[in-house]
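Input: a single structure, listed below in structure tokens.
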Amino acid sequence: MLLVPCPHCGPRNSADMSYQGEASSRPDPSSATPAQWRDYLYMEHNPAGWLKENWYCSSGCRRFFSVERHTVTSEFREPPLPGSKTAEPGAGTDRQGGGS
Amino acid sequence: MTKQVIELSEKSAKLSPVFRRNQAPRYSAAALLWRGVRNDSWPRVWREPQLKKSYDAVVVGGGVHGLATAYYLAANHGITDVAVLDKAYLGSGGSGRNTAIVRSNYLTPEGVAFYDRSLDLYNTMSADLNLNVMFSERGHLTLAHTDSAVRTMRWRAEVNKLQGIDSTVIGPDEISKIAPSLDTSPNTRYPILAALYHPPGGTIRHDAVVWAYARAADAYGVDMHQKTEVQDIVCEGGDGPDGKGPGAKVTGVRTSKGDVSAPVVINCTAGWASLIAAMAGIQLPITTHPLQAAVTEPVKVFLPTVVVSGSLHVYVSQTDRGELVFGASVDPFATYDMRGTLDFTEELAGHVLELMPAVSQMRLQRQWAGLCDITPDYSPVMGFTPVEGFLCDVGWGTYGFKAGPVSGEQMAKCVADGATPDLISPFALSRFNDGVLVGEKGAAAVGH
Amino acid sequence: MIRRLEPQSGEVIDRETPLKFTWNSKKYVGYAGDTIASALLANNQQVFSRSMKYHRPRGVLTADYWDPNTTVQVGTEPNVRGAHRLLEADMKVSAQNAWPSLDLDVKAANGLFGRFLTAGFYYKTFIKPQRLWPLYEKVLARFAPGGVVDLNTPHGYHDKRYAHPDVVVAGGGPAGLAAAISAAKAGMSVMLVEQNHHLGGHLRWGTDQDRETADDLEAAARDAGVEILTDSAVTGRYDDNWIAISQRDHPGVVERLIKARAKTLVVAAGLVERPYVFSGNDLPGVMLSGAVRRLINMYAVRPGNHAVVLTANAEGDAAVADLERVGVEVARVVDARAGETISKATGSSKQLGSVTLADGSTVKADLLVTAAGWTAPTSLLNMSGDRPSYDPAAARFFPTALPDNVIATGGLVGDGSLDELIAHGISSGELAAQRAAAVKHRLRSTVTRAQNPKGPEPPVQQDRRIGLSRAPHPELYRSDTHGMVDFSEDVSSKDLVNAAAEGFDSVELVKRFTTATMGPSQGKLETVNTVAVLAEARGETIEEVGTTVWRPPYAPISLGALAGRVFEPVRVSSLHEWHTANNMTPILAGQWIRPEHYGDPGAEVANVRTNVGIIDVTPLGKLDLRGPDVPKLLNLLYTNKWSKLPIGRVRYGMMCAEDGVVLDDGVTGRLGEDHYLMTTTSSGAGQIWQWVEMWLQTEHPDWEVHVTPVTTGFTSINIAGPKSRELLMRLVDDVDLSAEAFEYMNVRTGTIAGVPDCFMWRIGFTGELSFEVHVPAGFGLHVWEQLIERGADLGVGPFGLEAQRIMRLEKGHFIVGQDTDGLTKAPTTGLRALIKLDKDDFAGKPELEWALGPEAPELPVLVAITPTDPRLVPDEACQILREGTTEIVGRITSSRFSPSLQRSICLGQVTPEFAAAGTMLTVRLCDGSDTTARVMEHHAHFDPEGVRLRG
């Protein structure tokens, strides 16, 4: 089981965490065009390499945080220090789940 | 309709409607006996051709989708100057890693029509392609453990019935008759309240489907290139870097075995769909998650049907070889790493034993994973893209295998006609721009 | 026991303890310490199974865990490894793959047709006529190998354990033992896992001196505090050294899964002896040298009487010595190192008869021993990312690159004298200890703690071990004849050659086409031979062909052990005992167990409509929100406005996701200046808490809001009905509950039945005058019982979820997730007035703006529907059709028979074309018939003006 480096709790089992997907920034809702907004809602970079992503330490400190993980080797880069701006918002919809 | 596709479709129109197959030896019991008596060996299932400098169309991905697309391009439309490229061996991706369940009892009319066509093609595939794909029409039970799940099963059944699909909601007594190993007593943690029963569903030998399409496409002259990795897609005229991106047009691909020029490139990959699309400057609404599966040691056959539980995130069937084959939902986080996890097997075993306590002494002998491209509405991305000549048949999530034949048929038609066939129009990439998603998400759950 | 030898110095059997057992219902006797296979062999039983496809008789091949031929059924347990499982008193053992019996096996006729049943034959036949394939399939399925599952087998008791050892050592041979000892001496906690019943590996079937060394090492390991598990296996190495161990030596538990987060893993799995491929290599009487040595030295069993030995290494030579020592006539030693080999073996259906040598001469023999070389079982290394490479000089695969936290030692990495192996083990244990120490340091310093380790992290220790040499070994894979490659799958080398010729010529394709390596041995015996035969067929080297990736588990593990004790907790409210004592019919709602009703939901509805009822609504999600910026948060999450909510007021709100899809709904009240209580749906409680935290932490970390989930901190009770005020007034003194002082959609804090700090909301889902009270959970039962007791004369009674669902449907309240689905955007609900597009921002605002704008696509509309036939209740999920067609234009989302109105009522989603009040709809019922129904003006079927509610 992958160890995810929570900046507050230290390395924790990924099962203690809730994955929040790619980090993306929310466009200004008052000026966003449909194309921009739906990019934010649906489009993903999905790289095979380093990915900035968000996790929620759902069974630990319950903090959201961003980390960079390599999506092929599963390595993490140094986590940000506690107290810094730790996270950007994820898209609103839950992308996890099975098929239909 | 894009210009390049028009040219290709004009080319196909000029050909005679009856297309010639090469003289491949037919498979039959008699032939098997004859060769057995004479101790003859069989010829190669497909050739090992040299990569040509140009093709009319290049299909990226040698799985069921890619091979079926190539086959139908040749068989239905006479477009035979086609290369199928795979970075490993044919069927090395999801096609050879799935749990080989087929069904058509989807939730939306679009979904039902689409998968029903696929089931039709699977039904006659052995004869059509002259290779026994061992389609086992053993029936498919989707269990419901809560009243809301019962409601969803009824929803599916009602939609299915309207489209002439054999699909009904049955109660515990009937479930018990169909699959006596299921614990249908009311006192379990997740009691089985009802099930959606779909008699036409079943299992199939997934590798055989790959080989059948490859062999049949080869007979039409389609070139299959294994261990040939696409490294870039060459475009011109686009807004992005290197002339890629919306507005561009495809001129060919760069591969590990050399450059190929082609006016049409079809992305039929799973697990790498985003990366291939990015080579043409196209972004997709896809995240890639592993889907794990596992198999037990064989025992004498006792489970006659496919059993799925959405609430317990598990599906199980028993092969003719006696192994129980299990699957679950995709891994919780995106990764391209196909390592298995222990927690998958623990959860799986726990849930299987909830359903069938009697199998606790059976042993798991192998686990593996494949990559699934998940879209926001659990429906695929098919057809044209903003790059001329670059088409996609991707985003198949966990259900791509079921759709292989019909996807190939429709993608071939899309290329040959230069227009999006009705059957796949709900799955256009543009729907995400329009904010009109497909309704399979309405009852999103594990559902193999 | 005619095959039992005189006592052997290394024997592990206890001749003082005979054990009776049955084999295919016949009685036999073995000794404690015997495996099932050794006991049967000692009883002169040679044939243990029939092969999968050709039903060829099979005897002992390897006499260890990986033996493909000795898998048996023991009682209800299928697929027991007979050459590994220890004999127990009164065991009922039977052969698995023989029908009707092991001796008379009619399916063996398949053997005659072998040339037609080549690998993959089924792909080429049974094609036409297609309608016959299901019949053929049934016949094929009868050939499924393996044991029988007794459908009455209980789940059994299985435990699990979490462990945090510094070092796990997989393999208790000399190198593994030495590594465990040195790591433990360096101060590490060490767990040593050995698959066999005894430590020492090959030393156990070696010389007396070997066994002495093994005993010394074992004693040293125990002295050093190493935790030793035998009859156990490291089944998997997962991300970040998450190690799965199947433990079978734990008292009271048949098989236990240990999950260990090891700082370093030492893999000392040793070597697996490889069968030689030749015609007749699966005849009973053909054995590997290791099998012979184990049988003689450990189990005192004579493996045969007249032997031929093919030897390519010292193990084969030792087998010759062992055989001669116990008086087996060794008719011929064939030395592969001198270029000699054998061609084939022949015999009767059940016994080897003679061996044909490469020169064509034959030797009579009932035992043929092969020592053809080794397979490195690199499974755990594969799982660590390693792709082993082949060394033709040593004729086996070796690891190439391992991560820092995985270290290989022993036979996996090389050969050498016993001293050299032990020395390598020692240095591997030291390396493992040093690296584990570095990991420890890192773990402790990652997060600021009171006692962070001092000093910089020690660098990862470089591997400075003196390597083991690689002993030269002839490449000995196949003779000039074809034989079995995969014994459990009945795949021969001829099958592989044919498959390659047909184009299935990569190792993965050939594996898939022939099923070689897919059986219960999972390639431990077969993989390298498969690769070698394929390389020969393709005219390539073994390196060029490459090998397959070994996947977990290393050894099969039972579903029971993986499942453990099923841990699926349920949630119940503080009133659960009361409900149970009062005839509740329970219903599962998410994790909650709730009363569906107490006997008669219709009567419960009637009682609420005429008197007063109480319902336990504890599962309702509750979030305590405090801070000056709560109104900003509410404005952001709900579609309506919250800035001006006065203290003491509550308001209904609907939440949307960023795509405009309805996410949740509920009521939030303002309890004080900076204090709010938010309620969510029961099923959404967890998700909404996370949703609130997400917005606060990521988008607006500057907002001062503190969120506390209090769902189970309060027992929530709704008191509903015309007499609800009268009832509550009897229990409350400090709050004025009169209609004038406590209006609809207000909240008060006060004392109920002597319990202070209770919240009282005047709201309700039932359409009646009602009060929802939130009582500190410890006093929930007290308040509930007081309500029942003090309201007896008012006719108070409990009501369950079903009555509430009926009443909410009578009132036309939708349920998120039932009347809405994963694509239902907010405008569909009809609550247009609650979507305030003039707010600066709220979740999902842009999508809702477009959904309500001029270019909006048509969205379905939620409407109330009454069937024309008032007695007819269409099932929920029935489809609504365009009349005379099968075009779906909507569906029934909720339906019930209304006791209050004495008719059927529904909610449903329809396309806008069918949404106007008065529209007649065609509803397709589940039985296939159609009925008609009318669209209503209001969602509420009952009391649409809400007179009762506000009373």
Side-chain angles (χ1 to χ4, degrees), chain B residues 27-29 32-33 36 41-42 44-46 89 92 96 109 126-127 130-132 136 146 151 154-155 158-159 162 180-181 189 207-208 297-302 320-322 340-342 345-346 349-350 352-354 357-368 436-437 439 441-442 444, chain C residues 76-79 115-116 121-128 130 137 140-141 144-149 151-156 236 238 242 244 498 501-503 506 508-509 512 520 522 551-553 556-560 562-563 566 568 588 818 821-823 847 857 875-879 886 888:
Chain B
Y27 290 157
S28 70
L32 193 76
L33 275 173
S41 64
W42 291 87
R44 290 186 66 88
V45 272
W46 53 76
Y89 57 95
S92 54
S126 295
N130 180 235
L131 191 146
N132 186 356
S136 170
T146 63
R151 200 179 303 122
R154 202 180 298 124
W155 183 359
E158 289 307 302
V159 173
L162 285 167
S181 53
R189 173 66 180 83
D207 291 327
E297 294 183 340
V299 293
K300 297 286 181 271
V301 173
F302 70 92
D320 290 340
R321 293 155 45 81
T341 65
L342 178 63
T345 60
E346 292 180 78
V352 167
L353 293 187
E354 272 288 309
V359 301
S360 67
Q361 291 175 315
M362 286 185 74
R363 292 182 191 81
L364 200 80
Q365 70 171 359
R366 184 171 71 255
Q367 67 177 113
W368 67 93
V436 183
L437 273 52
K441 194 189 172 189
Chain C
T76 62
E77 188 180 357
N79 301 336
R115 65 203 314 193
F116 312 116
F121 77 94
Y122 28 79
Y123 299 125
K124 299 192 180 82
T125 184
F126 308 132
I127 295 172
K128 276 182 179 172
Q130 200 163 352
E137 191 199 358
L140 278 186
V148 176
V149 169
L151 292 186
N152 297 313
T153 311
H155 182 297
Y238 300 92
W242 184 243
N498 286 340
E502 278 189 59
S506 73
E508 288 288 350
L509 281 175
R512 287 164 178 278
Q522 286 291 297
R551 303 189 186 287
I557 180 166
S558 73
L559 296 179
L562 285 169
V566 174
E568 297 278 348
L588 203 61
Q818 175 170 344
D821 59 60
L823 288 182
E847 285 292 348
D875 280 320
E876 288 168 351
C878 278
Q879 300 295 302
T886 56
I888 296 167

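Remember, it's a predicted structure, so these values are computed and weren't measured experimentally. Numbered from 1 within each chain, the chains take letters A, B, ... in sequence-line order. Excluded from the calculations below are hydrogen atoms, water molecules and symmetry mates; all remaining heavy atoms, backbone and side chain alike, are included.
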Between [options], which has the largest tally of heavy atom pairs under 4.5 Å with chain B?
{"options": "V149(C), I557(C), T76(C), V148(C)", "value": "I557(C)"}
{"options": "T886(C), L151(C), N152(C)", "value": "L151(C)"}
{"options": "R512(C), R551(C), E876(C), E77(C)", "value": "R512(C)"}

I'd like to check [X] versus [Y] (side-chain heavy atoms, cut-off strictly below 4.5 Å). Are they in contact?
{"X": "M362(B)", "Y": "N79(C)", "value": "no"}
{"X": "L509(C)", "Y": "D207(B)", "value": "no"}
{"X": "Q879(C)", "Y": "W155(B)", "value": "yes"}

Considering non-hydrogen atoms only, spot the tightest contact between [X] and [Y] and give its length.
{"X": "V352(B)", "Y": "L559(C)", "value": "CG1-CD1, 4.5 Å"}
{"X": "R363(B)", "Y": "P78(C)", "value": "NH1-O, 3.3 Å"}
{"X": "G503(C)", "Y": "V45(B)", "value": "CA-CG2, 4.3 Å"}
{"X": "Y123(C)", "Y": "Y27(B)", "value": "O-CD1, 4.2 Å"}
{"X": "G146(C)", "Y": "K300(B)", "value": "O-NZ, 2.8 Å"}
{"X": "L562(C)", "Y": "A349(B)", "value": "CB-CB, 3.5 Å"}

What part of [X] gets within 4.5 angstrom of chain B, counting heavy atoms only: side chain, backbone, both, or neither?
{"X": "P154(C)", "value": "backbone"}
{"X": "I888(C)", "value": "side chain"}
{"X": "Y238(C)", "value": "side chain"}

In terms of heavy-atom pairs under 4.5 Å, which option from [options] contacts chain C the most?
{"options": "S360(B), S181(B), A208(B)", "result": "S360(B)"}
{"options": "E158(B), Q365(B), E346(B)", "result": "Q365(B)"}
{"options": "P357(B), G350(B), G322(B), P298(B)", "result": "P298(B)"}

Rounded to the nearest 0.5 angstrom, the CD-CD distance for Q522(C) and E297(B) is 8.5 Å

Rounded to the nearest 0.5 Å, how far apart are NE2 of H155(C) and CD of E354(B)?
7.5 Å

